[in-house]
There are 2 protein chains.
Amino acid sequence: MTPERRRGEALVRAIHEAALAEVAETGLGGLTMEGIARRAATAKTVLYRRWATPFELLVDALGEAHPVEVPTPAADDLRADLIAALTLLTDWMITPAAGAVLAITSERARYPELAEALYRKVFDPRGGTFTATVLRHYAASGRLDPRRLTPITTQIGEALVFKLSIDSDRIPGPDEIAAIVDEALLPALGL
Amino acid sequence: MTPERRRGEALVRAIHEAALAEVAETGLGGLTMEGIARRAATAKTVLYRRWATPFELLVDALGEAHPVEVPTPAADDLRADLIAALTLLTDWMITPAAGAVLAITSERARYPELAEALYRKVFDPRGGTFTATVLRHYAASGRLDPRRLTPITTQIGEALVFKLSIDSDRIPGPDEIAAIVDEALLPALGL
DNA sequence: TCATTAAGCTACGGCTCCGTATCTAATTTG
DNA sequence: CAAATTAGATACGGAGCCGTAGCTTAATGA
């Protein structure tokens, strides 16, 4: 009984949401215009008027998705700042956009253009990873040996969060994040 | 001009190979009986006589895939043994079965039965991970503090190998594996 | 108010995969 | 060599998605 026809931006936003939800549910291989339209409760024609393929639509949706918060180090407690950075990561991992990003990166070999677009539109604009931001900050203020900042050490935190997520099929909790920092990250930094 | 009709085991092996190759190329969502049959150069009927779904077929194929070598620590050079263990991992990662395993784990949320079957048929029979085998060995012979063997530290090596693979879209080389051991693993073990 | 824009609906032929049935011919086995 | 298996080929109706077309009707704004 409510005709209420969506238009313009509101409609596009609903379609973007539908696309992310659809990817999370069906995977990249199962992403179809028909499915997105159904979930957004609109018509296929509306989609085709704006995008040529489901992938173009998806890249747009990712570009519009809320950007991740950037860690703001307190600069006087490295351990707490690292934990905060990894917590930001796990917070992001439960968002719809994260599911889509996971799908794209893990199927990169099959859809390289998509992965490329993801990096260009989402990752590159944001500067660097979570822990790297913190570590660079501490290195710049002389509280950390810059030689300890390598492509390996700056990835340890994120790597373990992802690995634990895969192995246990759930996002690591505060205790596990603390263990990552205490048992892996800080020792590798020489602390 | 070669009628040469495959039968029994030889045929099944060819079908298994086709299934793994098909998963690598199309993803789990795109895995179809039709596609596997086409790639194996046989008829759909042959597949349906043995398996009810592409997923059953795939699980069988994984069970038959060459099991991974188990690290055999030399017990007098931890660093070399860790590097050897991670090299075994990267060697495995370029096999067809690894592509299928990656697809299944990354799409676990969509096909939980598949992931469950994977663990039951492939991971569980093999005991533990690559570096964990080495570390347990050294801890048992008293050359390593057993308290250093935590769910975190035993995962650092594998976690970084996977993370680097995802980020750079290629398998880490010998220098990168050495860096993982020297900059992340050994420090976390207190060495 | 009234013309313009765009959303929403229905339908189309074409394609691919589904799962099954039927038939043939190659290979094994006794 | 004859009999029993089973691989392989073909065809089927059904379903879902493709991309496009034609139309109705709600929202907008001059």
Side-chain angles (χ1 to χ4, degrees), chain A residues 1-61 64 100 103-104 107 110-111 113-114, chain B residues 1-61 64 100 103-104 107 110-111 113-114:
Chain A
M1 299 302 111
T2 44
E4 283 231 5
R5 187 175 284 191
R6 294 162 303 181
R7 261 173 106 95
E9 237 183 273
L11 178 61
V12 170
R13 232 179 301 118
I15 294 172
H16 281 162
E17 277 175 36
L20 293 180
E22 196 72 8
V23 166
E25 190 168 310
T26 69
L28 288 180
L31 191 66
T32 69
M33 288 299 213
E34 203 118 0
I36 298 170
R38 205 182 309 124
R39 186 182 289 264
T42 185
K44 270 196 298 179
T45 38
V46 173
L47 305 191
Y48 278 108
R49 271 174 207 140
R50 297 173 205 268
W51 302 279
T53 68
F55 287 171
E56 280 185 28
L57 203 174
L58 177 60
V59 172
D60 255 33
E64 293 302 318
I104 293 176
E107 301 197 54
R110 279 186 281 288
Y111 313 98
E113 347 76 52
L114 249 186
Chain B
M1 299 300 112
T2 43
E4 284 232 3
R5 187 175 281 190
R6 294 162 303 180
R7 260 175 107 94
E9 236 183 273
L11 178 61
V12 170
R13 231 180 302 117
I15 294 173
H16 281 162
E17 277 175 36
L20 293 181
E22 196 72 8
V23 166
E25 190 169 311
T26 70
L28 288 181
L31 190 66
T32 69
M33 287 299 212
E34 203 120 1
I36 298 170
R38 203 183 309 125
R39 186 182 290 262
T42 185
K44 268 195 301 177
T45 37
V46 174
L47 304 192
Y48 278 108
R49 272 175 207 138
R50 297 172 205 268
W51 302 279
T53 67
F55 287 171
E56 281 184 27
L57 202 173
L58 177 60
V59 171
D60 256 32
E64 293 303 316
I104 293 176
E107 301 198 54
R110 278 186 283 287
Y111 313 99
E113 348 75 52
L114 249 186

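In the text below, chain A, chain B and the rest are named by the order of the sequence lines, each starting its count at 1. Given the structure is predicted, the values throughout are model-derived calculations rather than measurements.
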Per-nucleotide protein contact string for nucleotides 5-15 of chain C (B base, S sugar-phosphate only, - none; heavy atom under 4.0 Å): BSBBB------

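- Considering CG of Leu28(A) and CD of Glu22(A), their distance stands at 11.5 Å, rounded to 0.5 Å.
- Annotation: Glu9(B), atom CD; neighbour count of heavy atoms from other residues, nucleotides and ligands within 6.0 Å does not exceed 12.
- In the region residues 28-40 of chain B, proximity to DNA chain C at under 4.0 angstrom, judged on heavy atoms, holds for Thr32(B), Met33(B), Glu34(B), Arg38(B).
- We find that OH of Tyr48(B) is positioned 17 Å from P of dA9(D), with the value rounded to whole Å.
- The CD atom of Glu9(B) sits 18 Å away from the P atom of dT27(C) (whole-angstrom rounding).
- Relative orientation of the His16(A) and Trp51(A) rings is tilted, given thresholds of 30° and 60° on the angle between their planes.
- At least one side-chain heavy atom of Leu11(A) sits less than 4.5 Å from a side-chain heavy atom of Arg50(A).
- With values rounded to the nearest 0.5 angstrom, Ile15(B) atom CD1 is found 9.0 Å from Ile36(B) atom CD1.
- One finds the CD atom of Glu113(B) at 9.0 Å from the OG1 atom of Thr53(B) (value rounded to the nearest 0.5 Å).
- The distance from the CD1 atom of Ile104(A) to the OH atom of Tyr111(A) is 11.0 Å, given to the nearest 0.5 Å.
- Scanning for salt bridge (charged side-chain N to carboxylate O under 4.0 Å, His left out) contacts around Glu107(A) gives Arg110(A), with sequence neighbours left out.
- To the nearest angstrom, P of dT6(D) lies 14 Å from CD1 of Ile15(B).
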